[in-house]
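Okay, structure first, notes after.
Naming: A, B, ... by sequence-line order, numbering from 1 per chain. All values below were derived from every heavy atom in this structure, side-chain atoms included, with hydrogens, water molecules and symmetry-related copies excluded.
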Amino acid sequence: MVALTPISRTPVSFYVPVVAAAGAFAGLLVGTAQGSSLLGIILGAALMAAVAYVLTQIIKEEKAGIWGLTALLAVAGFLMGGIAAALIGAAFGWFFGWFSFWLYEGRYRAKVAPYLTPRQVLWHFTFRVICGAILVFLITPILVVMPLSFNAEDFFTFTPEMLRFDPAGYSMKHYEDFFTNSDWQGALKNSIRIAPAATLLSVGFGTLAAIGLSQPHVPFRRAIMAILISPMIVPLIISAAGMYFFYSRIGLQGTYAGVVLAHAALGIPFVIITVTATLVGFDNSLTRAAANMGANPVTTFFRVQMPLILPGVISGGLFAFITSFDEVVVVLFVGSAGQKTLPWQMFTGLREQISPTILAVATILVIVSIALLTVVELLRRRSERLRGMSPS
Amino acid sequence: MSDNTATGPDQFTGATPDNALRAADNADHGPMLAADGTPLKKSLNRALRRQKLRALMLIAPLLVFILVAFIAPIADMLFRSVENQIVADTLPRTTDGLAAWDSTSGEIPPPELFEGLYKDIFIASERKLHTRLGSRLNYELTGVSSLFRKSGRGVEDIGEVYQDQFEDFNEFWKDAENWNPLMGSAEWLEDMAGWDEKSGDRQPAFEIRDEVASVLPETAAMYETFAEFVQFEDEDNLLKEDPWAIVYSALYADLSAGADVASLSGPGSAELQEAAVAVADFETVDYSAAFEEIDKDWHSIEVWQTIQTYSPAYTSGYFLNAVDMKKGPDGPEMRPENERLYIKLFIRTMIMSLVITGSCILLGYPVAWILANLPARTANLLMILVLLPFWTSLLVRTSAWKVMLQQQGVINDTLVWLGVVADDSRLALINNQTGTIIAMTHILLPFMILPLYSVMKTIPPTYLRAAKSLGATDWTAFWRVYFPQSVPGIGAGSILVFILAIGYYITPELVGGTTGTFISNRIAYHISSSLNWGLAAALGAILLAVVLGLYWAYDKIVGIDNVKLGG
């Protein structure tokens with residue numbers, strides 16, 4: 001959307017009050033923290049109005065103005081409350097410098113449609129701020145865990161040392177605990193033993209069935225699909241209860257095989273969905289061409305069909321893997337102490353003796369999921385490129 | 001499956017057997033022949049059949065796997081929610097007798113029934129089954145568990161009345177070595193003599209002597225029960241085990257009924273004849289009074305009503321329990337006010353799931369809108385912020401919320417630092433409904449954003465501009481033009497989030513405390529703590545029915561085939 005609107009500088013009577021309003025808000029935050037909200041509002045508004053005027057009308061030099069203000073407020077923050085406050089001050093400084101010039105130059109209008117009324121422009125930006133806040137809500141819990149996992153104390157909150165960026169406030173001891181504690185290592189080992197086996201089972205069965213389901217003539221396709229997808233729909237606690245009852249009848253409760261079987265069943269819908277989605281764009285004349293040239297069905301499958309649907313199979317496999325790797329409800333019931341997985345250990349850790357090692361594990365798992373997410377995204381792009389190449 | 005017509009309207013154009021079949025149908029001149037001389041139609045039908053078969057063969061392994069590993073467990077759970085064989089299995093004589101008893105008569109069952117009860121409980125307590133039955137019936141009537149435990153000990157005393165009298169009368173009756181030749185058949189005794197206990201061979205199964213069985217039917221039956229238990233459940237040597245006290249009771253019953261012992265010969269017949277004369281002077285047992293002595297609850301109508309109500313092999317009792325009702329003498333009735341629990345819990349689960357769904361719509365709608373309307377490059381970048389939580393382990397996110405929402409957690413610390421709340425009045429954000437709602441909204445938000453996004457992506461932005469250029473205000477243009485088009489996305493996302501929320505277990509368990517838990521937490525409690533599996537299964541069945549209903553609606557609105565994952 002590069003609907004460029006010609007921009008022009010705005011009058012002082014517009015941007016100075018707006019910056020002052022923003023300053024009042026910032027002043028409210030700082031003032032409340034220091035004990036007087038009202039004083040904060042007044043001081044913030046007055047100071048920022050002055051800053052905006054000085055920057056645009058006297059200094060005029062944009063870069064120098066912004067960085068100068070940043071440095072100034074950083075020093076002021078440092079004098080008030082150490083390094084953490086200095087960082088906050090610097091952030092405020094940079095923001096107000098940029099904000100003043102952004103309004104003054106009229107740049108805020110450049111990317112919105114020229115016919116919008118001022119109220120619509122205001123709403124446009126308010127809406128973005130709201131969306132930004134929601135995205136912050138989405139991502140904060142994950143981001144907060146990471147620094148906390150380096151806590152030198154056994155606390156679940158930021159200690160004063162951490163806020164001062166004192167190196168003594170940070171340590172790797174929770175990671176050390178994870179890598180040396182036999183409970184955690186046993187759980188990790190179990191997870192690593194269970195998830196790949198379950199993934200292999202669900203990918204093997206799932207891919208075959210997905211190929212079968214994408215044939216042009218499948219009797220009872222809807223009914224079969226409903227059954228195959230059901231492990232994803234039925235609430236986990238019900239699956240867990242049913243499996244617990246049934247597997248203890250047939251002697252699988254509390255065994256490695258039982259847990260693998262249960263996890264494979266839970267992963268299958270994901271494989272079915274991703275692989276059938278890949279097969280939708282598959283050109284069947286390719287297999288006919290291969291057969292025409294003398295390839296038998298097995299060769300055709302491995303040399304022609306498989307390479308084309310491989311991205312879908314792999315991302316289905318990753319989904320199945322993460323399902324099993326993250327799963328805790330079913331393994332709680334179907335497994336016994338010998339099959340204690342990482343999520344299970346985390347669950348008991350959170351419920352009983354809450355230890356910050358959980359945060360270290362959580363950070364490691366977040367990094368693993370970032371890696372997986374990247375792989376899936378790359379595979380999706382590759383699959384689209386491959387399908388784009390095949391004649392339709 | 002093997003019909004020879006084309007399968008429905010064909011989406012496939014080109015050379016499929018289906019289309020060729022239609023072409024062959026349409027041809028009105030003589031049968032066309034394939035290269036090998038068979039009519040074309042027949043040959044195409046064969047090809048079609050083969051294709052269907054091949055597709056089914058590919059699906060079959062997975063279908064079997066899912067049926068065994070997933071559908072069978074669910075079916076088993078549903079079965080357990082009505083199954084109730086334990087009462088009739090453990091107390092067969094009592095439940096038979098109770099069938100004729102009128103529970104509304106206001107009188108306790110007749111004395112004969114207590115004799116049956118004595119036998120049932122005696123055998124059950126030898127097998128250690130009476131406590132299990134006690135805890136089963138305790139779900140229906142509190143106090144039954146201890147009643148059965150007490151009775152298990154008490155029946156031994158009842159039996160000893162006759163046992164002592166027989167043994168006092170003649171030492172002969174004391175020992176296993178005298179009983180076995182009396183009761184066992186000659187062949188069996190021979191087999192036992194030839195059996196070496198240490199060899200590890202199976203003990204020869206006890207066989208009753210035919211004459212004894214006809215003269216002393218009850219004794220024979222009881223001795224067979226005893227012998228089977230000793231030989232195959234306890235795996236002890238029958239020759240060395242003295243009979244149960246109840247065998248003496250049966251012997252007394254046979255003899256006092258005037259058994260024709262004179263016709264018996266062989267080992268022990270002399271002692272038996274003596275005993276037959278002596279039993280006339282034996283002290284007798286009033287079973288009804290004896291049970292009253294064990295626990296006077298045995299003379300309370302309520303206990304008997306409960307046993308009678310739960311004697312059938314299948315019961316609706318668990319389901320009635322699950323909706324706060326119970327079986328009374330005249331059909332289902334509500335439980336007393338203070339025992340009602342589950343309806344409230346179901347309603348709370350529903351309301352909280354609705355609140356979570358609502359907040360997901362509120363938070364998800366703007367984000368989906370902005371993702372759908374930003375330039376692709378920026379949108380993809382922001383999409384990562386949505387997908388990362390989606391891909392992160394559930395436990396990680398729950399632990400993050402647990403850390404953030406605590407009294408000494410990050411949120412409270414920040415609020416205190418900002419001066420919004422005082423240090424001594426920190427907000428209680430965890431272990432209550434607030435905690436569950438915040439954490440679950442965060443966890444389920446991606447499931448709302450993704451379907452909304454995929455629907456909004458298809459709404460052309462020109463519609464909004466057209467509406468505005470025709471004079472609509474911002475609000476009218478949104479409400480009358482854009483919003484109706486995005487409703488399918490809201491529907492899909494809401495049902496998805498609601499289905500997921502209603503069955504959630506982990507997060508409510510960890511951050512919900514006591515007021516923020518769901519019905520699933522209660523199910524888990526009944527499976528692992530209270531061991532009332534039937535009730536857990538019934539609650540699960542109700543929850544499953546609700547979810548399947550919603551799933552059906554989802555299929556109608558969105559279609560199962562359109563489920564998409566991440567982006």
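Across A:Leu208, A:Leu138, A:Val145, the residue that shares the most heavy-atom pairs under 4.5 angstrom with chain B is A:Leu138.
Separation of atoms OG1 (B:Thr441) and CZ (A:Phe137) is listed at 6.0 Å; rounding is to 0.5 Å.
Across A:Ile238, A:Val234, A:Ile233, a single residue satisfies side-chain contact (heavy atoms from CB on, under 4.5 Å) together with B:Val547, and that is A:Ile233. Just one of A:Ile272, A:Ile229, A:Leu228 meets the side-chain contact (heavy atoms from CB on, under 4.5 Å) condition when paired with B:Ile66; it is A:Leu228.
No side-chain donor-acceptor contact under 3.5 Å links A:His217 to the backbone of B:Lys52. A donor-acceptor pair under 3.5 Å is formed between the side chain of A:Tyr247 and the backbone N or O of B:Ala69. Counting only distance, with no hydrogens or angles, the side chain of B:Asp76 and the backbone of A:Phe246 share a donor-acceptor pair below 3.5 Å.
Using a 4.5 Å heavy-atom cutoff, the side chains of B:Val396 and A:Asp326 are not in contact. Side-chain contact between A:Leu373 and B:Phe390 is absent, with no heavy atoms from C-beta onward closer than 4.5 Å.
Scanning both residues, A:Ile139 and B:Pro389, for their nearest heavy atoms gives CD1-CD, 4.3 Å. Closest approach of A:Cys131 and B:Val367 over heavy atoms only: SG-N, 4.2 Å. Taking every heavy atom of both residues into account, A:Phe245 and B:Ala537 meet most closely at CE1-CB, 4.1 Å.
If you measure heavy-atom distances from B:Leu445 to chain A, the contacts under 4.5 Å come from the side chain alone. Residue A:Ile250 does not touch chain B at all, counting heavy-atom pairs closer than 4.5 Å. For B:Leu543, the parts lying near chain A are the backbone and the side chain together; criterion is any non-hydrogen pair under 4.5 Å. Using a 4.5 Å cut-off between heavy atoms, B:Gln406 contacts chain A through its side chain alone, with no backbone atom that close. Heavy-atom distances place the side chain of A:Ile268, and not its backbone, under 4.5 Å from chain B. In this structure, the portion of B:Leu510 lying under 4.5 Å from any heavy atom of chain A is its side chain and not its backbone. Looking at A:Arg119, there are no atoms closer than 4.5 Å to chain B (heavy atoms on both sides), in backbone or side chain.
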Intermediate values then yes/no, side-chain contact (heavy atoms from CB on, under 4.5 Å), B:Phe518 and A:Ile237: CA-CA 11 Å; B:Phe518 283 7; A:Ile237 187 73; over 6 Å; no

Dump the intermediate steps for side-chain contact (heavy atoms from CB on, under 4.5 Å) on A:Tyr244 and B:Trp533, then the final yes or no. CA-CA 10 Å; A:Tyr244 177 67; B:Trp533 289 6; 3.3 Å; yes

Start with the C-alpha gap between A:Leu365 and B:Thr392, add the side-chain angles, then the distance that decides, and say whether side-chain contact (heavy atoms from CB on, under 4.5 Å) holds. CA-CA 7 Å; A:Leu365 288 183; B:Thr392 307; over 6 Å; no

Using the side-chain contact (heavy atoms from CB on, under 4.5 Å) rule, take B:Val386 and A:Leu135 through it: C-alpha gap first, then chi angles, then the decisive distance, then the call. CA-CA 7 Å; B:Val386 178; A:Leu135 288 173; 4.1 Å; yes

